[in-house]
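All values derive from a computational prediction rather than experimental measurement. These values consider heavy atoms only, across backbone and side chains, with no hydrogens, waters or symmetry-generated copies.
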Amino acid sequence: MPDFICPVCGKLLSKNGKMYFCSSGHNFDISKKGYVNLLMSSAKGRHGDDKMMVRARRDFLNKGYYDRLSQALCDMVIKYSEKSVSIIDCGCGECKYTMDILNKLKNAGICPDISGIDISKEALYYGAGRSKDVRLAVASSAKLPFESCCADMVICIFSPFVPEEFGRVLKPGGKIIKAYPLERHLWELKKLIYEKPYENKRENDEQEGFEILEREEVKYMISLDSNEDIENLFKMTPYYYKTGFEDQKKAEAAQCLDVSLEFGITVYEKI
Ligand SMILES: C[S@@+](CC[C@H](N)C(=O)[O-])C[C@H]1O[C@@H](n2cnc3c(N)ncnc32)[C@H](O)[C@@H]1O
Ligand SMILES: [Zn+2]
């Protein structure tokens, strides 16, 4: 089971009511919502998604537009799980998929033990509100607060992919399930905003130390028929933050939009 380790000395953390502590005397408060902040003070500051992005993503995902992706991810997780499975969701955001995976595993008769980390405490504030059944910590995927070889599976959905660190925490034979945008993901949204939109680049997904077991593509169109949904989709992407005021206004004026969703899923096995 992936218990947290102390970010200062690396020893295992134990839970005592409202805090985690290690045998060297370091301790970390558990927030009222239920997550613990294990980011070292040198790394503290504004990190990851801010409140506006997190709220936009929560409201948009709650409407079910990405449910086919979620279903495909859950099917993959179930396919590669034994009777019980320990999972770390890296960059879990506000835990939409974390919770879908937890619930679908339980329905499939599999016993899940799930931890989630994200560098944004705003994301975990909402994530912790979704369930108490997931262990949540503010931390970076570049320095995961877990012992080596403790997890059966790492999930990485539209979040930073750090293969060396994921490989460290995985047991031999452990899996990574990674989801990422394909070339024309959100193409019509980009066309609405930019004079000259660019396709996403397809990266070489081979990774040293891992074998690719499977790749899947999930592609479909959604129809957005309210400005609120269009704005939420725009605000949950990095495009909004890289776009000037004039271009941001183009989304403010839009009332309906058909948008292509194109997701890639790659399953890796640690060798
Ligand atoms: C596009 S969101 C995806 C969130 C969630 N997986 C989902 O699909 O709904 C990317 C997430 O990665 C987080 N993030 C960014 N850099 C990170 C890092 N170095 N370590 C952990 N999380 C990070 C952000 O705060 C954000 O919540
Ligand atoms: Zn310690």
Side-chain angles (χ1 to χ4, degrees), residues 46-74 76 89-101 118-120 122-123 126-127 130 141 155-161 177-205 215-266:
R46 211 201 75 67
H47 286 292
D49 288 6
D50 63 18
K51 203 179 272 181
M52 184 172 79
M53 276 181 111
V54 171
R55 277 194 185 156
R57 181 172 301 107
R58 179 199 58 180
D59 293 347
F60 187 83
L61 295 182
N62 278 348
K63 293 212 169 166
Y65 291 117
Y66 278 24
D67 279 2
R68 280 170 63 183
L69 166 68
S70 182
Q71 185 61 54
L73 285 166
C74 291
M76 285 285 192
D89 188 351
C90 294
C92 59
E94 81 297 347
C95 294
K96 165 74 170 81
Y97 302 110
T98 329
M99 289 312 299
D100 287 353
I101 289 168
D118 199 286
I119 206 163
S120 156
E122 278 78 19
Y126 290 111
R130 282 194 198 268
S141 293
I155 310 279
C156 180
I157 306 172
F158 308 120
S159 299
F161 186 65
I177 298 188
K178 174 187 171 191
Y180 46 93
L182 294 174
E183 286 91 333
R184 288 172 76 87
H185 182 55
L186 303 182
W187 183 247
E188 295 78 6
L189 178 70
K190 284 172 152 180
K191 271 197 348 199
L192 173 73
I193 311 293
Y194 301 120
E195 296 265 300
K196 205 173 157 207
Y198 289 98
E199 292 190 357
N200 297 322
K201 269 209 215 125
R202 190 180 281 244
E203 310 276 333
N204 173 9
D205 59 359
R215 292 186 182 92
E216 185 178 337
E217 297 190 352
V218 180
K219 297 184 177 179
Y220 58 100
M221 296 285 293
I222 52 170
S223 296
L224 306 178
D225 55 13
S226 76
N227 177 259
E228 187 193 349
D229 290 356
I230 296 168
E231 288 251 51
N232 279 339
L233 179 60
F234 188 28
K235 286 179 182 163
M236 70 186 234
T237 69
Y239 307 130
Y240 182 81
Y241 302 85
K242 294 180 187 158
T243 301
F245 184 62
E246 284 305 312
D247 284 342
Q248 284 180 355
K249 283 210 303 212
K250 293 179 191 163
E252 278 170 30
Q255 294 304 325
C256 58
L257 191 67
D258 289 343
V259 187
S260 309
L261 302 183
E262 296 198 351
F263 308 104
I265 303 174
T266 303

Query raised in the report: Would you say the side-chain atoms of N200 pair up with the backbone N or O of L182, donor to acceptor, closer than 3.5 Å?
Result: yes

Query - Salt-bridge criterion met for D59 and K63 (N-O under 4.0 Å) - result: no

Query - Value rounded to 0.5 Å, distance of CG in D205 from OG1 in T266 - result: 4.0 Å

Report task. Measure across N232 and A56 and return the closest heavy-atom pair with its distance rounded to 0.1 Å. Result -> O-CB, 3.5 Å

Report task. Decide salt bridge (charged side-chain N to carboxylate O under 4.0 Å, His left out) for K190 and E262; before the verdict, give the C-alpha distance in whole Å, the side-chain angles of both, and the deciding distance to 0.1 Å. Result -> CA-CA 13 Å; K190 284 172 152 180; E262 296 198 351; over 6 Å; no

Report summary line: Closest heavy-atom pair, S120 versus D49, reported as atoms and distance to 0.1 Å, is OG-O, 2.7 Å

Requested in this report: Mind listing the closest non-hydrogen atom pair of Q248 and T243 along with its distance?
Outcome: NE2-O, 3.3 Å

Query raised in the report: What residues form a side-chain contact (heavy atoms from CB on, under 4.5 Å) with E195, not counting sequence neighbours?
Result: none

**Report entry** D67 and K96: CA distance, side-chain angles, deciding distance, salt bridge (charged side-chain N to carboxylate O under 4.0 Å, His left out) verdict
**Finding:** CA-CA 10 Å; D67 279 2; K96 165 74 170 81; 3.6 Å; yes

Report summary line: Here the gap from L257 atom CG to E188 atom CD, rounded to the nearest 0.5 Å, amounts to 6.5 Å

Query raised in the report: Roughly how far, to the nearest 0.5 Å, is the OH atom of Y198 from the CZ atom of R184?
Result: 14.5 Å

Query raised in the report: So which heavy atom on A72 is nearest to which on V218, and how close?
Result: CB-CG2, 3.8 Å

Requested in this report: Using a 4.5 Å cut-off on heavy atoms from C-beta on, say whether the side chain of F234 contacts that of K250.
Outcome: no

Report task. Report yes if some heavy atom in the side chain of L233 is under 4.5 Å from a heavy atom in the side chain of L224; otherwise report no. Result -> yes

Query raised in the report: Is the closest basic N to carboxylate O distance between K51 and E122 below 4.0 Å?
Result: no

Report task. For D229 and Y65, run side-chain contact (heavy atoms from CB on, under 4.5 Å): C-alpha distance rounded to whole Å, both residues' side-chain angles, the deciding distance at 0.1 Å, then the answer. Result -> CA-CA 10 Å; D229 290 356; Y65 291 117; 2.5 Å; yes

Query raised in the report: Checking side-chain contact (heavy atoms from CB on, under 4.5 Å) for the pair L73/I157: CA distance, chi angles, key distance, verdict?
Result: CA-CA 9 Å; L73 285 166; I157 306 172; 3.7 Å; yes

Query raised in the report: So with a 6.0 Å cut-off around NZ of K191, is the heavy-atom count from everything else above 12?
Result: no

Query raised in the report: Counting only N and O atoms by type, is there a donor-acceptor contact under 3.5 Å from the side chain of N227 to the main-chain atoms of Q255?
Result: no

**Report entry** Nearest heavy-atom neighbours spanning L61 and E94
**Finding:** CD1-OE2, 3.7 Å

Report summary line: dist F158:CZ -> R57:CZ (nearest 0.5 Å) comes out at 9.0 Å

Query - Heavy-atom pair of closest approach, residues Y194 and Y239 - result: OH-CB, 3.3 Å

Report summary line: When rounded to the nearest 0.5 Å, the distance separating CZ of F60 from OG1 of T237 is 10.5 Å

**Report entry** Within-4.5 Å side-chain heavy-atom neighbours: L261 and L186
**Finding:** yes

Query raised in the report: Can you say whether the rings of F263 and H185 are parallel (under 30°), tilted (30 to 60°) or perpendicular (over 60°)?
Result: tilted

Report task. Run the salt-bridge test on K178 and E203 with the 4.0 Å N-O cut-off and return the result as yes or no. Result -> no

Report task. Drop me the distance from I230's CD1 to C256's SG, to the nearest 0.5 angstrom. Result -> 6.5 Å

